[in-house]
Amino acid sequence: MDMNQYLDMFIEESKEHLQAINANLLLLESDPGNIGHVKEIFRSAHTLKGMSATMGFEDMASLTHEAENVLDLIRNQKLTITSDIMDAIFQSVDLIEGMVIDITEGGDGSADVTAIVKKLRAIVAGDFSAEQEVAAATMAVEAPQGESTPAEDHELDDYAMMVLKQSQELGNNVLWIKVTLNENCLLKAARSYMVFDQLESMGEVIKTKPAVEDIENERFEQSFEIAYVTEQSIEKVRTTILNISEIQDVTIETIQMKSEAPPAPVVQQTPAPAEKGAAEAPQAPVKKATAGGKTIRVDIERLDILMNLFSELVIDRGRLEQLAREIGKNELQETVEHMSRISGDLQNIILTMRMVPVEQVFNRFPRMIRDLQKDLNKKVNLEIIGAETELDRTVIDEIGDPLNHLLRNSLDHGIESPADRKKAGKPEEGKIELRAFHSGNHVFIEVKDDGAGINKDKVLKKALERGIVNPATADSMSDKQIHELLFAAGFSTAEVVSDISGRGVGLDVVKSKIESLGGSVGVDSVRGQGTTFLIQLPLTLSIISAMLVQVKDEKYAVPLSSIIETAVFKKDQIMMAHRQKVIDFRGRVVPLVSLQDIFQVPDNGETTEDEVAVVIVRKGEKMAGLVVDSFIGQQEIVLKSLGKYLVNVFAISGATILGDGQVALIIDCNSLIK
């Protein structure tokens, strides 16, 4: 039976189950007495084990089975949850996630699960603790040569077990050999080949760890391990290997085939009945990984194709509407209007199909925060608001890394240590708020912390050192302008390069990624009270509503989401302030930006009237007035990129094809507002 056809479904469902396990593990850690969380974790783990076994991913299935044994003991209240046990379960989940990623990238999902399996089995046997684990590791290093170990400890597959058992019954030595090369060994693959060559002259190599292919390609550190069958003595095997140059050490153990693994508890495949007391505690609403019967999975590439086809239809719709107006026949106009309404409904359905909740991204962060606060010895509570807010799938796929960077930045640079917070009169536990909400045709994502805030003097000093700011203008810069320096290319205030908030990589990477999605990012901070990063993203990247405007003989499209109002001003209403043309718009002074000057549009010789057409646009709290010749009207337009040869064109975010076949450039209003 060919399982490849089910691989995509397996990957998607595995990710959902792992997400559910992670979410419930975090809830369980904060409320260890709630057996309801354990039951949810157990169900997801049990399903994951069955799926991976069916697909032939044995390492994943065996590891999940061992974790399931631990969960079963907790579920039946035969095991008390401790911090060490939680860490072991989290490590198991991390390893399984790594296997899923490997499978996604075309691998076979194999991994070295020996160490974590030992931990889990020790928990089941009742002899596990962090101290014992350290002691066991120390003993393993000092173990005498030729010690006997059970075959199960080496995670051998059924075939290898059968061969080794038959060999032992025939009187051969069944050995587990660990070969360690010198640190300065240059040709590790060559030395490994020499070891294998010598061993195969005296016996048979049954299995290697890592795989032979990885050893040949030097995909291992300083050591590799071998399951080996020979008639020769242990001492002769060791001496033969040590005679090869650049071999630092050889450890040989006899594999004991008759030892049995500790008995695992019986796995209950049906949910256990409700326990009294702790089991009756209220359960937090964590989404189960099971999908409803009224939904189907659709490959995102198919939706992309559907959107591209519909985009072409929108262009033809615009052309038909224009032709209908020019011809003027009622029957044609009615038919085109009806087709426009139908295609409009179809457009809404297609866009809705592509919308997914941001919780798909948000759900990975609680686990990350949990691990980081342990590494940094800080106490932090992550609060997620608006996870149900929906965004286009293509945007969702891209915002994970920028948000990851901002959250790490808040935890590393923003939130103070418990001692410092206590001195400042704050609670020891810091707070990071991750919030998403809709506004117009945009989604806003806010990362807010109640930490120390931005030290503007330190930022300005670093910017002057790097030559990012001119010393002559430094004194006149506002707090807002200094805060925005964090997004300058290559800017970083990190004293020590670390993995926590980007290895010295500044927030310019975040800004570049967000702007490539048609969005923007800003920062606001109050010293001693905290910092807020605000990301603005478009709902979709394909079809937008825009106002078409005329500038001399050229047409431009201004996204409707950026427009506050269109207005006509008399020329005598235009004033000058700081050598800049401005207008009074509802009591606010708004600077004017001439599109003819910005884009160097050639003059067509037509005389200008006494009145000036202005499109009032905004970027956050700031506004500007775009001076145009006339307004053409509102229209749904298809956003097309300018291609590989026209990248980073100032104030242009793309182009669209109009109904008459002309190309109109789409204006990026954010670039025009200072």
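No hydrogens, no waters, no symmetry mates; every other heavy atom, side chains included, goes into these values. Predicted model, so just to flag it, every value in this text is computed and none were measured.
- Of all the heavy atoms in Leu48 and Ile96, the pair that sits closest is CD2-CG2, 4.0 Å.
- Other residues, nucleotides and ligands place more than 12 heavy atoms under 6.0 Å from the NZ atom of Lys374.
- At least one donor-acceptor pair closer than 3.5 Å links the side chain of Asp59 to the backbone N or O of Ala111.
- The CD1 atom of Ile399 lies 7.0 Å from the CD1 atom of Ile514; values are rounded to the nearest 0.5 Å.
- Asn404 contributes no side-chain N or O that, together with a main-chain N or O of Gly400, makes up a donor-acceptor pair within less than 3.5 Å.
- Ionic pairing of Arg75 and Asp72 is present here: one or more N-O contacts between side-chain nitrogen and carboxylate oxygen are shorter than 4.0 angstrom.
- In this structure, the side chains of Thr254 and Asn173 stay at 4.5 Å or more apart for every pair of heavy atoms.
- Ionic pairing of Arg367 and Asp94 is present here: one or more N-O contacts between side-chain nitrogen and carboxylate oxygen are shorter than 4.0 angstrom.
- Below 30°, between 30° and 60°, or above 60°: for Phe437 and Phe444 the angle between ring planes is below 30°, a parallel geometry.
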Does Ser410 form a side chain to side chain contact (heavy atoms under 4.5 Å, CB included) with Thr531? I'd like the steps, not just the answer. CA-CA 8 Å; Ser410 291; Thr531 304; over 6 Å; no

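- Using a cutoff of 4.0 Å between basic side-chain nitrogens and carboxylate oxygens, Arg421 and Asp450 are scored as salt-bridged.
- Without hydrogens or angle criteria, Lys178 side chain to Asp249 main chain gives no donor-acceptor distance under 3.5 Å.
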Set out, in order, the CA-CA distance, both residues' side-chain angles and the distance that settles side chain to side chain contact (heavy atoms under 4.5 Å, CB included) for Met99 and Leu63, then state yes or no. CA-CA 11 Å; Met99 293 176 185; Leu63 177 54; 4.1 Å; yes

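- Using a distance-only test at 3.5 Å, with no hydrogens or angles considered, a donor-acceptor pair links the side chain of Gln373 to the main chain of Val380.
- For the residue pair Glu97/Asn22, the side-chain donor-acceptor check at 3.5 Å is satisfied.
- Looking only at distances, no side-chain donor or acceptor of Ser44 sits under 3.5 Å from a matching main-chain atom of Ala20.
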CA sep, side-chain torsions, deciding dist, call: Thr82, Asp84, side-chain hydrogen bond (donor to acceptor under 3.5 Å, both in side chains): CA-CA 5 Å; Thr82 65; Asp84 293 335; 5.0 Å; no

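- Interatomic distance, CG of Leu411 versus CG of Leu376, reported as 5.5 Å (0.5 Å rounding).
- Side-chain atoms of Ile206 and Val229, non-hydrogen and from C-beta on, do get closer than 4.5 Å to each other.
- Separation of atoms CG (Leu507) and CG (Asn409) is listed at 5.0 Å; rounding is to 0.5 Å.
- Glu29 meets the side-chain hydrogen bond (donor to acceptor under 3.5 Å, both in side chains) test with Arg370; sequence neighbours excluded.
- Applying the side chain to side chain contact (heavy atoms under 4.5 Å, CB included) rule to Glu221 yields no partners; only residues at least two apart in sequence or on another chain are considered.
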For Met60 and Ile103, what are the C-alpha separation, side-chain angles and deciding distance, and is it a side chain to side chain contact (heavy atoms under 4.5 Å, CB included)? CA-CA 11 Å; Met60 188 186 300; Ile103 293 165; 3.6 Å; yes

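- Counting heavy atoms from C-beta on, the side chains of His405 and Lys513 never come closer than 4.5 Å.
- Formation of a donor-acceptor pair under 3.5 Å by the Asp412 side chain with backbone atoms of Arg408 is not found in this model.
- Separation of atoms CG (Leu406) and CD (Glu446) is listed at 12.0 Å; rounding is to 0.5 Å.
- Counting heavy atoms from C-beta outward, Lys119 and Gln91 have side chains that approach closer than 4.5 Å.
- When all heavy atoms of Thr180 and Ser223 are compared, the pair lying nearest together is OG1-CB, 3.8 Å.
- Smallest separation of non-hydrogen atoms from Ile445 and Leu434: CG2-CD1, 4.0 Å.
- Taken to the nearest 0.5 Å, the CZ atom of Phe533 stands 10.5 Å off from the CG atom of Leu407.
- Residues Phe224 and Pro210 come closest through the heavy atom pair CB-CD, 4.2 Å.
- Checked by atom type, the side-chain pair Ser110/Asp108 shows a donor-acceptor distance below 3.5 Å.
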Might you work through the salt bridge (charged side-chain N to carboxylate O under 4.0 Å, His left out) test for Lys423 and Glu416, ending with a clear yes or no? CA-CA 10 Å; Lys423 281 181 193 173; Glu416 316 95 324; over 6 Å; no

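- Scanning both residues, Val100 and Ser14, for their nearest heavy atoms gives CG2-CB, 4.0 Å.
- The 12-atom threshold is not exceeded at NZ of Lys448, counting heavy atoms of other residues, nucleotides or ligands nearer than 6.0 Å.
- Contact between Asp214 and Phe220 at its shortest, heavy atoms only, is O-CD2, 4.3 Å.
- Here CG of Leu175 is found 5.5 Å from CD1 of Ile234. Values are rounded to the nearest 0.5 Å.
- His438 places a side-chain N or O within 3.5 Å of a backbone atom of Glu390 that can act as its donor or acceptor partner.
- Checked by atom type and distance alone, the side chain of Glu218 pairs as donor or acceptor with a backbone atom of Lys188 at under 3.5 Å.
- Under the side-chain hydrogen bond (donor to acceptor under 3.5 Å, both in side chains) criterion, Glu428 pairs with Lys379, not counting sequence neighbours.
- Listed for the Glu68 side chain is no donor-acceptor partner under 3.5 Å among the backbone atoms of Lys49.
- Proximity of a side-chain donor or acceptor of Asn217 to a complementary backbone N or O of Arg219 within less than 3.5 Å is not detected.
- Lys209 and Thr114 are linked by a side-chain donor-acceptor pair at a separation below 3.5 angstrom, with hydrogens and angles left out of the test.
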